[in-house]
Q: 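Sharing a structure with you now.
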Amino acid sequence: MQRFHDLLSEGVRRFLADKGVTDVRPIIQYTRPDFEGDLTVVVFPLAKALRQRPDAVGAVLGEWLVQTVPAVERYEVVKGFVNISFSAEAWRRFLLEALPAAGFFPRAERAERIVIEYSSPNTNKPQHLGHIRNNLLGWSVAAILQRYGHEVYKVNLINDRGIHIAQSMVAWMQFGGGATPESTGKKGDHFVGDYYVRFAKAHKQQQAEGGSEETPIMQAARAVLRRWEAGDLHIRPVWLKMNSWVLDGFAETYGRMGVDFDKTYFESETYLVGKQHVMEGLRQGLFHRKEDGSIWADLTAEGLDQKLLLRSDGTTVYITQDIGTAALRYFDFQMDRSIYVVGDEQQYHFKVLKALLQKMGAPYADAVHHLSYGMVDLPTGKMKSREGTVVDADELMDEMVAQARRLSEELGKVDALSAEERERLYHIIGMGALKYHILRNDPQRRILFDPAESIDFFGVTGPFIQYAHARIHSILRKASGAARPETAAGYAPDGAEVALIRQLYRLYDVFANAVENLSPAPLAQYAYQLAHQFNAYYHDHPVLKAESEPVLHFRLLLLERVAEALRESMGLLGIEMPERM
RNA sequence: GGUCCCGUAGCUCAGCCGGAUAGAGCAUCGGCCUUCUAAGCCGACGGCCGCAGGUUCGAAUCCUGCCGGGACCGCCA
């Protein structure tokens with residue numbers, strides 16, 4: 001079934017062609033709610049081309065559309081706008097025939113291979129709220145692109161080497177006394193993170209005592225790093241062991257969060273590849289070496305600065321590793337597009353990375369796309385792990401689930417469920433609240449998170465939408481059997497019902513917007529609007545006690561589709577939809 | 001010095017690839033549970049869309065300048 005937009009657009013084109021105008025693109029938009037109509041044709045551009053008054057053109061155009069487009073029932077001209085109403089029958093048919101199969105989502109004309117990197121944690125500390133935003137955003141954008149028909153690969157790049165890793169190692173070796181996550185009952189990433197904080201404290205204290213930046217413990221950390229790079233047989237096992245503790249912890253966190261990866265890269269395996277590429281670039285004369293032995297790229301011609309690629313001692317820097325990772329990734333996936341979900345503080349870094357890859361003539365250079373998002377701020381400012389001013393990811397998830405439990409028990413609606421089912425439900429609701437809160441806003445905006453004000457469960461929230469879904473399922477459960485569309489054949493939907501179908505129809509555009517902007521936010525906004533509209537409908541349209549069989553079955557079908565649209569849009573945010581709550 | 005992001009109701013945000021009288025939630029005030037789940041519904045209050053120019057039939061939306069907030073330009077990652 002053709003989309004209403006296309007029907008109108010073609011009608012307007014034919015109207016114009018009839019008058020010898022072919023170079024004007026019809027502007028079709030949704031009619032504002034306070035006017036009667038479904039879609040609106042903006043006639044100003046047409047009036048200009050035809051050199052007539054807008055309202056005059058509008059009237060003729062409206063008449064033309066009613067005559068030539070069967071689904072168009074009425075029109076109304078308001079100033080320079082022609083508001084078109086499609087027949088209730090056309091909308092009913094759309095509900096029956098087009099939804100859900102082709103109606104909800106557009107598909108990519110050409111499937112791309114897309115690699116999306118997100119999360120990219122360091123193995124020296126547990127994840128915090130900032131990681132939550134990254135993880136949820138990355139996972140969701142991947143889901144959206146995949147739904148669009150692209151071939152999407154989710155990858156994680158674990159930062160498992162470097163001075164900060166050496167720091168937790170030193171602290172553990174000096175202060176740990178052989179303790180392990182098992183012996184202390186601590187989750188591995190938190191266990192290691194404690195030593196990272198321990199290091200920072202000891203360093204600070206030694207600084208105060210010694211009166212200098214340089215401290216014994218910092219020297220020890222650098223020594224560990226050097227020994228690690230040399231493959232020292234005493235250091236490597238410690239490194240392996242501590243990393244595995246952290247990775248076990250991460251696996252648990254990812255599992256709860258519901259995010260996953262198709263492949264995991266480790267920086268320890270990619271940094272040398274980057275170094276090789278830099279050396280190769282040096283041979284080709286793309287880069288230059290300074291007297292001290294350090295290697296640089298001159299990007300001033302590209303409007304950027306001089307960029308260090310290898311330190312004077314031959315060790316790699318951040319950008320070197322990313323060069324290596326990009327190469328490996330292309331080897332693995334031959335992607336058309338490579339999306340990096342990384343905070344906006346690194347915009348410059350990715351500009352440089354892209355420019356470098358282009359300079360090196362890498363076939364994957366142009367594919368680099370930095371999906372930059374805003375940081376999560378606390379009322380006290382930016383989160384810093386070292387200073388302990390973070391909202392811990394695991395604790396926050398615990399808190400959200402606990403709050404869902406508290407509220408549910410208070411309301412007492414799910415007492416009939418088994419203890420196991422209830423816990424599962426609390427998880428779904430708590431995570432729903434968290435995910436929605438994080439994903440509902442434009443990714444590039446900063447989010448202010450106030451731990452004192454907990455994330456809400458009322459209003460524009462995940463649970464609000466989940467609740468609407470549960471209400472629908474409550475009705476569907478009580479109805480004996482599924483909706484029988486054929487029984488509904490004779491029914492003409494009323495205004496509220498047409499409005500609801502129109503909202504379902506709109507998901508197509510909302511989704512297209514999400515794809516184009518690599519943003520889950522439009523879907524989140526949409527799901528709320530649909531849920532809200534359903535709630536209002538629910539308020540004054542009885543379903544199970546509908547006045548006749550056709551009405552009953554029409555409404556059942558409508559609600560099935562609403563529930564499905566809610567599930568689809570929220571599913572792309574990684575939010576599960578309970579059937580009761 | 002340069003680059004990027006943000007500025008819309010008391011607060012948190014939609015709308016921004018130009019269209020009609022700028023929308024939600026929270027907060028405040030008021031109404032609705034003997035009828036399919038009140039995590040709900042309905043209403044009231046609340047706006048120089050940061051400021052000034054420009055483009056246009058039409059600007060919150062595009063352009064320029066300014067003001068305010070933030071980020072980045074490291075032999076940290």
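The chains referred to below are lettered A, B, ... by the order of the sequence lines, with proteins before strands, and numbering in each begins at 1.
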Q: Could you verify whether a donor N or O on one side chain and an acceptor N or O on the other, from A:Gln503 and A:Tyr526, lie under 3.5 Å apart?
A: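 Distance-only check fails for A:Gln503 and A:Tyr526.
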Q: If you assign A:Ala470 and A:Leu308 each to the RNA chain B nucleotide with the nearest heavy atom, which residue ends up on the more 5' nucleotide?
A: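 The residue closer to the strand's 5' end, by nearest nucleotide, is A:Ala470.
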Q: Quick one: label A:Asp450 by what it contacts on the DNA or RNA (base, sugar-phosphate, nothing), any heavy atom closer than 4.0 Å.
A: nothing
Q: B:C13, B:C73, B:C4: which one has an atom nearest the side-chain heavy atoms of A:Asn441?
A: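 So the side chain of A:Asn441 is nearest to B:C13.
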Q: Students often get this wrong, so: under 4.0 angstrom with heavy atoms, is A:Gln466 touching a base, only sugar-phosphate, or nothing?
A: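 A:Gln466: no heavy atom of the nucleic acid under 4.0 Å.
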Q: Does the distance from a Lys or Arg side-chain N to an Asp or Glu carboxylate O, for A:Arg567 and A:Glu579, drop under 4.0 Å?
A: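 Looking at A:Glu579 together with A:Arg567, the answer is no, because their closest N to O distance does not fall below 4.0 Å.
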Q: For A:Leu304, report the nucleic acid contact type (base, sugar-phosphate, nothing); a contact means any heavy atom under 4.0 Å.
A: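 It contacts nothing in the nucleic acid.
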Q: According to a cutoff of under 5.5 Å between the ring centres and under 30° between the ring planes, does A:Phe44 stack with the base of B:G58?
A: no
Q: Glycosidic conformation of B:C33, syn or anti, with 90° from 0 as the boundary?
A: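 Syn, angle within 90° of zero.
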Q: Answer with base, sugar-phosphate or nothing: what part of the nucleic acid does A:Asp442 contact at a heavy-atom distance below 4.0 Å?
A: sugar-phosphate
Q: Taking it one step at a time, do A:Arg161 and A:Glu229 satisfy salt bridge (Lys or Arg N to Asp or Glu O under 4.0 Å)?
A: CA-CA 9 Å; A:Arg161 59 169 288 281; A:Glu229 295 232 357; 2.8 Å; yes
Q: Protein within reach of the bases, or only the backbone? For nucleotides 25-31 of chain B, mark each nucleotide 5' to 3' as B, S or -, using heavy atoms under 4.0 Å.
A: S------
Q: Quick check for you: among B:C41, B:A20, B:U37, whose closest atom lies nearest to any side-chain atom of A:Thr40?
A: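 Selected nucleotide: B:A20.
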Q: Mark this stacking check for A:Phe35 against B:A20 as yes or no, applying ring centres under 5.5 Å and ring planes under 30°.
A: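 Stacking between A:Phe35 and B:A20: present.
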Q: Contact class for A:Phe464 vs. all strands (heavy atom < 4.0 Å): base, sugar-phosphate, or nothing?
A: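 Answer is sugar-phosphate: A:Phe464 comes under 4.0 Å of backbone atoms only.
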Q: Between A:Pro522 and A:Met581, which is nearer to the 5' end of RNA chain B once each is assigned its nearest nucleotide?
A: A:Pro522
Q: Can A:Phe81 be said to stack with the base of B:G19, given centres closer than 5.5 angstrom and planes under 30 degrees apart?
A: no
Q: Going by the angle between their ring planes, with limits at 30° and 60°, are A:His131 and A:His128 parallel, tilted or perpendicular?
A: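 The rings of A:His131 and A:His128 sit tilted, inter-plane angle from 30° to 60°.
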Q: So what does A:Thr315 touch, heavy atoms closer than 4.0 Å: a base, only the sugar-phosphate, or nothing?
A: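 No contact.
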Q: Compare side-chain N and O positions of A:Lys79 against OP1 and OP2 of B:U21 and report whether any pair is under 4.0 Å apart.
A: yes
Q: Could you tell me if the ring centre of A:Tyr30 sits under 6.0 Å from that of A:His5?
A: yes
Q: Any side-chain heavy atom of A:Glu117 within less than 4.5 Å of one from A:Val155?
A: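 The answer is yes, as the side chains (C-beta and beyond) meet within the 4.5 Å cut-off.
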